[in-house]
Amino acid sequence: MTDVPFTRNEMMIVAAARELAGQRVCFVGVGLPNIAVNLAKRTVAPDMELVYEAGVFGARPARLPLSIGDPTIVTGATSVVSMHELFSFYLQGGLIDVGFLGAAQIDRFGNINTTVIGDYDAPTTRLPGSGGACEIAINARQVFVIMRQSARSFVERIDFRTSPGNLGGAEQAERIRGEGGWLGRGPSVVVTDLGIWHFDDDGEMRLDSLHPGASLEDVRSSVHWAPKLAASLATTPPPTDEELRLIREELDPGGAYTR
Amino acid sequence: MTDVPFTRNEMMIVAAARELAGQRVCFVGVGLPNIAVNLAKRTVAPDMELVYEAGVFGARPARLPLSIGDPTIVTGATSVVSMHELFSFYLQGGLIDVGFLGAAQIDRFGNINTTVIGDYDAPTTRLPGSGGACEIAINARQVFVIMRQSARSFVERIDFRTSPGNLGGAEQAERIRGEGGWLGRGPSVVVTDLGIWHFDDDGEMRLDSLHPGASLEDVRSSVHWAPKLAASLATTPPPTDEELRLIREELDPGGAYTR
Amino acid sequence: MSDSKVASMHDAVAELVRDGDTVAIEGFTHLISFAAGHEIIRQGRRDLTLARMTPDLVYDQMVAAGVARKLIFSWLGNPGVGGLGGIRRRIEAATSAPGGGDGRLPRLEVEEYSHFGMVARYTAGAANLPFMPLRSYFETDLPTANPQIREIDSPYGDGKVYAVPPLKPDVSIVHAQRADRDGNTQIWGLLGCQKEAAFAADRVVVVVEELVDEAVIRADPNRTIIPGLIVDAVVVEPYGAHPSYVQGAYDRDNRFYLEWDAITKDEAALQAWLREWVLDVDGRAAYIDKLGPDRVAALRPSGTAPSGVVDYGAYR
Amino acid sequence: MSDSKVASMHDAVAELVRDGDTVAIEGFTHLISFAAGHEIIRQGRRDLTLARMTPDLVYDQMVAAGVARKLIFSWLGNPGVGGLGGIRRRIEAATSAPGGGDGRLPRLEVEEYSHFGMVARYTAGAANLPFMPLRSYFETDLPTANPQIREIDSPYGDGKVYAVPPLKPDVSIVHAQRADRDGNTQIWGLLGCQKEAAFAADRVVVVVEELVDEAVIRADPNRTIIPGLIVDAVVVEPYGAHPSYVQGAYDRDNRFYLEWDAITKDEAALQAWLREWVLDVDGRAAYIDKLGPDRVAALRPSGTAPSGVVDYGAYR
């Protein structure tokens, strides 16, 4: 705990990192996942192996890479391989415990859009697209999501399904995953700047923890559906001094992720 | 030319090596092809790149390897890669000019058996099988064959088709290769201990050159069909002193291939 | 070009990159040949189909300069920073229209995959396969957006997977640490999909930091990623990957990637940048001069990290 | 075994190789773990399915010792020398019958591919794909002999290729130059299909000439072929590949391969050899002692051939 003021983005990153406690092998997505995973490696999950889609297993970045391809994820790594091998043998081969993704739009069942806002052929906003997200969502054993929450991002219906979550609900998702031989069991957690969502037996997001300073009104006004709330809603423990120091001094001294 | 006596096997290896003049990239099979190709590299084809299915491109063997996997084909090579890459990108990718094979049985159209003599499920003789020969025959631009000729090996009907040659004849073979998108144009030459066979417009073997010391009677008695002979049958120039020296002193001092 | 494969960037591009070609400048954050991209802009190529997993700044610049008709990709952005305005304005409804006009830019054709799909496409191209199967795309909108992504039944009766078709660029351009005069090329650090993109291509240009003797290559054959057999030109262009990086030689110029965000958001600023840094510069050496020795020096690694030596052994 | 992955060959085989398993001891002429094969014989495993591209002497010995029920392979022989009598007598009509009896040996079940087919099977297994397509087998008798080789239509309407199914061994055993205590393994020289066979397997045993510090591995991450993540046991067994070889450490013992020809032709001689060199020897160290220092010394490379050093650079 700390008396130092912190931002909502810092709280989001810290909460996301803590969710990784006990995980063994994590596939690191670009952007917010990158800082959350690197914070976890320095705090709750020191033995966790970092996998970067660029072709790195067992990365030990000496600094936080701006991009997920960076010389610091190579030097001192356990193994550096072609991307074909990384996607074939590590991801599709079933060796990834957690795929950690960002998202532009998400629905209540954890289906993700990172492709377009609007019509695909003439979009209002062209987003980056899948990258590896589509196959990560299908093949990583679990999927963690980190994203800022807003009325534009937590929507009733996403404009494009880039990465499958629990589809139309848990029952349908389990059947389709089973029939299709998917290794992934779908999304486990969504960490936002307001709170922590897990998925209930229906495969729908449920707010289990509210970050300090965030209100239920903030949550409701930034979700396009009537959100499920945990019976006993927790309050996320605020960042510790050490977590804040790591973010501010080691991982993101320029504040690129946290402002 | 030489006055030194030479064996039929030596003549066969020398004649096979000479056929490689002007070739750029050769996929080296185990056994007799290995010594023929290594002799060519030292004589008529010094710039030819040797590819070994073990995963080597641009081998420079300092000695003749007994096996086609040997440390001497690695040290000083241009590139050493996984067998998956060798077969996928080099062979199937269309980079091999000549695939050089041995054979246990061959028919008039150059179809090859290296699998079994007799019934497949309870064979009289179990041979090594395909190895890479099946895909070499299909994907190398040309196929060269080196083998001893006998009534057991030059047969009307092979017991098992391991590697396709000109199938039932040139017309059928061209149609099937074209429809199937094969890169290979099939067998070009068969060099034996008796002579040199090329393939005529019907896709059938034709004896173009008889080795010194071999008679047409030798040829006829070791072929199960009525063999086609070139209108002007040549006599293979005997081995030169240098060719014999290379075989006897550098490549096969133990005489494993030549006796 | 002479008999030698060693060529200037000008000559390599003049001879090997043609209007209408499908061009792949590959390299996943590492070893991106900005030098080749800039030369293609200077020589005014048109109607190119640009293939690349991550179009990145190099294709943002090339698209803004008007060389491209179509983009084949899997992730479109400035990683960790933001968007690529030069490309987005050619795709989004407000700023582009098919054929252009009305103050709008001509719409860029896009063909979109996932990362694994792009890698698998190059692999199929390199291996001369009609398709590659993969376990991706299930229950997504990607196969609808791109009908080249197709379902395929396993011949063993155990379900469906997806297939992608081969991608065979007319030209692939790859930056590397070193090659010999014949184009035998060695890379360490991130390998991306350069090998697959090179083997899949009809023509290959290798751009290197350093030309080395054949003996250097042959001393460590397991390190050779691309054989000279498939290489058409070897261009020696130190710092040719800036603002991308070369493992062991120079760092990623993250400052440049951050500064690009403001430039790419403004079409006029982007065009001015192209004039100043590409069109008015006669090659990579001049670009590096203009960048200045301090900027370049700041990109040196903070120390060395030697690989160690292994012994292949002599076998005579 | 303790918490550590480092184990004796005895313990690794006792714990990880079980009756009825599909076992792949891979290595294409290079890095064949004869030490593991001999230990499997000594521990009397039964009903194994032995998978290997080139069964070679090691499987000839294992089959003759009676550990195997079935063979999956692509080339059966003593390369450059001759046949493998121990296996052939279990296949040919004159010497074997289904179930054995009548003075004949029990017929060995065989499942046969080409080299590319075997490599593709391991690759499909490692990549969790239901099949791998390849351009082979057209117009041959192989798909008839082995109905697991199946035709498949390209989903792009451009014809048929063949498919092979994934091969997922219960255990893959790989010899290598070096690994760290966690099993991160580096190999140079011929790479064969070891990586694919290891990733495809449920359990992996790595046998190394030398156990090294993690820092040695991390100094050259591009050289790591198998990550500790998939490794269950690391066995340190110098000369564990003899009569096969280890690039840079010792040569192939061609004399042994030549001498094997006479032994394998004669079932009694082969059984006597197994008694003398496997059953009556308590491990690899004793085998090497028995081989004698002169024989071992003669296998040293004729000189060194160092790889040179590359610099990955420090980036802090």
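In what follows, chains carry the letters A, B, and so on, assigned in the order in which the sequence lines appear, proteins first and then strands, with residues in each chain numbered from 1. This structure is a prediction, so every number in the text was calculated from the model and none was measured.
Heavy atoms closer than 4.5 Å to chain C are found nowhere in A:Thr72, neither backbone nor side chain. Proximity to chain C (any heavy atom under 4.5 Å) is shown, for A:Thr125, by both the backbone and the side chain. Residue C:Tyr122: no heavy atom, backbone or side chain, is found under 4.5 Å from chain A. Contacts of A:Leu66 with chain C are made by both backbone and side-chain atoms, with heavy-atom separations under 4.5 Å. Looking at A:Phe160, both its backbone and its side chain come within 4.5 Å of chain C, counting heavy atoms on both sides. Both the backbone and the side chain of A:Asp70 come within contact range of chain C, each with at least one heavy atom under 4.5 Å from a heavy atom of that chain. The contact between C:Leu258 and chain A is made entirely by side chain atoms (from C-beta outward), counting heavy-atom distances below 4.5 Å. If you measure heavy-atom distances from C:Phe138 to chain A, the contacts under 4.5 Å come from both the backbone and the side chain. Heavy-atom distances place the backbone of A:Asp121, and not its side chain, under 4.5 Å from chain C. With a 4.5 angstrom heavy-atom cutoff, A:Val81 touches chain C only via backbone atoms. Residue A:Leu183: no heavy atom, backbone or side chain, is found under 4.5 Å from chain C.
Listed options C:Ile225, C:Thr144, C:Leu190, C:Leu134 were ranked by heavy-atom pairs under 4.5 angstrom with chain A; first place goes to C:Leu190. Here C:Leu142 is the residue among C:Val246, C:Leu142, C:Thr54 with the most heavy-atom pairs under 4.5 Å with chain A. Ranked by non-hydrogen atom pairs under 4.5 Å with chain C, the options A:Ser130, A:Ala122, A:Gly131 are led by A:Gly131. The candidate with the highest count of non-hydrogen atom pairs below 4.5 Å against chain C, out of A:Ala133, A:Gly55, A:Ser67, is A:Ser67. When C:Gly80, C:Ala305, C:Ala93, C:Ser96 are compared by the number of non-hydrogen pairs under 4.5 Å with chain A, C:Ala93 comes out ahead. Among C:Ser302, C:Ser244, C:Cys193, C:Gly192, the residue making the largest number of heavy-atom pairs under 4.5 Å with chain A is C:Gly192. The choice from C:Arg107, C:Gln194, C:Met118, C:His30 that makes the most heavy-atom pairs within less than 4.5 Å of chain A is C:Arg107.
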Would you sort out whether A:Thr75 and C:Gln247 count as a side chain to side chain donor-acceptor pair (under 3.5 Å), showing the intermediate values? CA-CA 9 Å; A:Thr75 303; C:Gln247 191 80 37; 3.0 Å; yes
Starting from the C-alpha separation in whole Å, work towards a yes-or-no answer on side chain to side chain donor-acceptor pair (under 3.5 Å) for C:His115 and A:Glu135. CA-CA 8 Å; C:His115 277 350; A:Glu135 41 260 1; over 6 Å; no
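Note that CD1 of A:Ile136 is 9.5 Å distant from OG of C:Ser114, once rounded to the nearest 0.5 Å. With values rounded to the nearest 0.5 angstrom, A:Leu91 atom CG is found 12.0 Å from C:Arg135 atom CZ. A distance of 13.5 Å separates CG of C:Leu191 from NE2 of A:His84, quoted to the nearest 0.5 Å. Annotation: the span from C:Phe116 atom CZ to A:Met83 atom CE amounts to 10.5 Å, rounded to 0.5 Å. Atom CG in C:Asn146 sits 6.5 Å away from atom OH in A:Tyr120 (nearest 0.5 Å).
Applying a 4.5 Å heavy-atom cutoff, the residues of residues 27-42 of chain A that approach chain C are A:Val30.
Side-chain N or O atoms of C:Thr29 include one that pairs as donor or acceptor with a backbone N or O of A:Gly69 at under 3.5 Å. Of the possible donor and acceptor atoms, one in the side chain of C:Asp141 sits under 3.5 Å from a partner among the backbone N and O of A:Arg161. Side-chain N or O atoms of C:Glu92 include none that pairs as donor or acceptor with a backbone N or O of A:Pro123 at under 3.5 Å.
Atom CZ of C:Arg300 has 12 or fewer neighbouring heavy atoms from other residues, nucleotides or ligands inside a 6.0 Å radius. More than 12 heavy atoms of other residues, nucleotides or ligands shown are found within 6.0 angstrom of CD on C:Glu259.
Taking each heavy atom of C:Asp251 and A:Pro71 in turn, the nearest pair found is OD1-CG, 3.3 Å. Pairing each heavy atom of C:Thr140 with each of A:Cys134, the nearest pair is CG2-SG, 3.9 Å. The two atoms that bring A:Gly129 and C:Trp75 nearest to each other are O-CD1, 3.9 Å, heavy atoms only.
With contacts defined as side-chain heavy-atom distances shorter than 4.5 Å, the pair C:Glu196/A:Ser82 qualifies.
A salt bridge links A:Arg126 with C:Glu112: the closest approach of a Lys/Arg side-chain nitrogen to an acidic carboxylate oxygen falls below 4.0 angstrom.
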